[in-house]
Amino acid sequence: MTEANKNQKKRSKGEKHVSFPPDEQMVSGFAENRNTDRKVDSYLTLTEVMVAYQQSCSRYQVHPRAHVLQQLQQGVCVGGSVKCLDLKGERLDHRSCEALEVVLKSLRFDFINLQASQLDENGTSSLLDMILYYESTTHLDISDNNNMGTSCWRALAHLIKQSVRLSRLDVFNVPVVDYPAQSLAKALLTSRLTVLHLHNAQLSGMPLYTLVGALKSNKALQELHLNNNLLNSYQDAMHLGDLLRHNSTLMTLNLSNNCVADAGLEELCDGLRRQTAGLKVLRLRNNQITANGLFHLAKALPVMKVLQVLDLGENLLGNEGIQVIREPLIVNCSVLQLSLTRANITCEGAVALAEFLAESRRIQKLDLRQNDVKVGGLMALCLALRINRSLASLDLDCVPPQEQDEFMRETQMRFQSEIIQRCTVNASYSPLATEACETEADRA
């Protein structure tokens, strides 16, 4: 782009050299036509791109990155598209970023990884401007870059707002507070992002409120992952409940490893009861939820007719909690995958789950690992599987909690073997359903 058109003007930020069209073309709609009509025969080979990158490095007086050269040498290019440009941990300064322009100009990537690249202020904003102008990727990871300043966040917000290709953004271990939160929220009002990961981003309180304010009217985002943000049980959960009351586009909400607790779950469920045609995946793993909190979820489950994945693992639900949601799960009829790992369940809870399995015609995957389910619970699950024809995967501990009596241990192993066999048979009835379970498990 720097050398492409003498009539283009340059927008300067320090010593940046990214070129842009004339002012009359810099309108909000120009992204729709920007660099999207390249002909297939105009694509360079990876070898040609590698040579051009080396020449660019020479021009900017920086050493070519060995990892970049290796990727270009070993990569596979299909119609100008390459799977990944991995710049993780590369410590890219301003000139190194400028030298990468020829790569971003010549190729499109499914994923650009800038994790822990220690980008400087000018380098970051310059690189993000290039990614936007050339529509270089559909998935961008800028995690672990704590030195991003105001101009970096401004460039990132512009990328989120204007890009027609970027569909997923990962921001792990980067504080999204004050200006970053405001900038991100403003961009999300009109962005085309469908997946947003904001893990450990200090979003509790005002930053979350700011984000939710934008997402209530967002019609594009389908997955929101807010893991490890210390979300609390009242104010934060209330904001998220408000989001669920207003947004019917969101299909996945991941709140794992927070502090929602029982009071927060009550606030969430006020919004969940409005999710009659939207939310398909709800993850509440490790949120200090007890059986008392599940009374609120029990009221929401019967109306959540499109919910497919429910993760309640690593909460102190106990057998009482399973009894609370057993009947609502039966009424729900939509849940395909239920995770209850390390949920303080014993044989009594397993019996309640067996009653649910016997009634369900949809459940495909149940995870009961790290619970104290012995012979009595296994027997109930076996009996349920003699009726159930949908469950293709029942995850139990490879080494089950040991019974004291030798006969009971043998019986325990026999039940586990039968469970595996019956799940295998069920899987053979519906291989597509099994594949869907495995795909969701991998993503989790």
Side-chain angles (χ1 to χ4, degrees), residues 282-287 289-295 297-298 301 307 309-427 434 437 441 444:
L282 177 62
R283 298 194 181 278
L284 294 168
R285 178 179 294 268
N286 188 24
N287 264 283
I289 296 170
T290 72
N292 291 331
L294 292 191
F295 282 101
L297 185 60
L301 278 173
L307 183 67
V309 178
L310 178 60
D311 186 351
L312 296 170
E314 299 181 41
N315 289 295
L316 293 175
L317 308 181
N319 298 326
E320 181 184 352
I322 305 305
Q323 291 285 2
V324 169
I325 61 172
R326 177 185 61 86
E327 189 64 31
L329 281 171
I330 294 173
V331 175
N332 170 270
C333 294
S334 68
V335 172
L336 305 178
Q337 301 180 42
L338 176 63
S339 179
L340 296 166
T341 55
R342 216 168 86 189
N344 203 32
I345 299 170
T346 66
C347 291
E348 181 184 342
V351 170
L353 287 168
E355 293 171 354
F356 159 61
L357 290 178
E359 294 286 341
S360 176
R361 298 295 179 269
R362 295 267 292 167
I363 187 71
Q364 297 172 3
K365 181 179 177 64
L366 175 62
D367 193 340
L368 289 177
R369 289 173 295 179
Q370 301 181 59
N371 287 294
D372 193 25
V373 179
K374 297 184 179 179
V375 167
L378 293 174
M379 181 175 66
L381 292 169
C382 273
L383 292 173
L385 280 169
R386 293 173 186 176
I387 301 172
N388 181 284
R389 292 292 179 268
S390 66
L391 193 71
S393 174
L394 175 50
D395 292 335
L396 298 163
D397 294 323
C398 296
V399 180
Q402 291 297 303
E403 298 280 0
Q404 297 297 319
D405 182 79
E406 182 178 354
F407 172 75
M408 296 295 281
R409 288 198 297 272
E410 292 176 356
T411 304
Q412 189 176 35
M413 297 304 294
R414 189 172 70 252
F415 283 144
Q416 277 203 312
S417 178
E418 181 179 343
I419 287 171
I420 293 172
Q421 291 174 3
R422 292 192 177 276
C423 285
T424 301
V425 171
N426 285 348
T434 306
C437 278

Problem - Close side-chain approach of L368 and L394, heavy atoms under 4.5 Å - result: yes

Completion exercise
dist S390:OG -> R361:CZ (nearest 0.5 Å) comes out at 8.0 Å

Exercise for the section: Taking all heavy atoms of R389 and all of L385, pick out the closest pair and write down the distance. Expected result: NH1-O, 3.6 Å

Exercise for the section: Would you check, one step at a time, whether the test side-chain contact (heavy atoms from CB on, under 4.5 Å) holds for F356 with L366? Expected result: CA-CA 11 Å; F356 159 61; L366 175 62; 5.8 Å; no

Practice task
Evaluate the side-chain contact (heavy atoms from CB on, under 4.5 Å) criterion for residues D395 and K365: first the C-alpha distance (whole Å), next the side-chain angles of each, then the deciding distance (0.1 Å), finally the verdict.
Solution key: CA-CA 8 Å; D395 292 335; K365 181 179 177 64; 2.8 Å; yes

Handout entry: N/O donor-acceptor pair under 3.5 Å between N287 side chain and N315 backbone
Key = no

Exercise for the section: For the pair N371 (side chain) and N344 (backbone), establish whether a donor and an acceptor sit closer than 3.5 Å, ignoring hydrogens and angles. Expected result: yes

Fill in the blank from the handout: Closest heavy-atom pair, A354 versus A380, reported as atoms and distance to 0.1 Å, is CB-O, 3.4 Å

Problem - Atom of M408, atom of V375 and distance for their closest heavy-atom approach - result: O-CG2, 3.3 Å

Completion exercise
For I330 and E355, the nearest pair of non-hydrogen atoms, with its separation, is CD1-O, 4.3 Å

Fill in the blank from the handout: Rounding to 0.5 Å, atoms CG (L353) and SG (C347) come to a distance of 11.5 Å

Handout entry: Test item: side-chain donor near acceptor, N319 and T346, under 3.5 Å
Key = yes

Practice task
Would you sort out whether L310 and N332 count as a side-chain contact (heavy atoms from CB on, under 4.5 Å), showing the intermediate values?
Solution key: CA-CA 12 Å; L310 178 60; N332 170 270; over 6 Å; no

Exercise for the section: Specify the closest pair of heavy atoms between Q412 and V373, including all atoms of both residues, with the distance to one decimal. Expected result: NE2-O, 4.2 Å

Handout entry: Backbone N/O of F407 and side chain of T411: donor-acceptor pair under 3.5 Å
Key = yes

Practice task
Working to the nearest 0.5 Å, report the span between CG of L329 and CG of L297.
Solution key: 8.0 Å

Practice task
Show the numbers, then the answer: is there a side-chain contact (heavy atoms from CB on, under 4.5 Å) between V324 and L317?
Solution key: CA-CA 10 Å; V324 169; L317 308 181; over 6 Å; no

Exercise for the section: Of all the heavy-atom pairs spanning I322 and A352, show the shortest one and how long it is. Expected result: CG2-CB, 3.8 Å

Problem - Distance, nearest 0.5 Å, that separates CG of D397 from CG of D372 - result: 9.5 Å

Problem - Polar side-chain atom of N388 near backbone of L357 as donor-acceptor pair, under 3.5 Å - result: yes

Practice task
Look up atom CD1 in I419 and atom OG1 in T424, then write down how far apart they are to the nearest 0.5 Å.
Solution key: 11.5 Å

Practice task
Assess the side chains of R283 and S339: does a donor N or O sit below 3.5 Å from an acceptor N or O?
Solution key: no

Completion exercise
Exactly one candidate in Q421, R414, R422 meets side chain to side chain donor-acceptor pair (under 3.5 Å) with E418; the answer is R422

Exercise for the section: Count the heavy atoms belonging to other residues, nucleotides or ligands that lie under 6.0 Å from CZ of R342, then report whether that count exceeds 12. Expected result: no

Exercise for the section: State the CD-CG distance between Q364 and L336, to the nearest 0.5 angstrom. Expected result: 4.5 Å

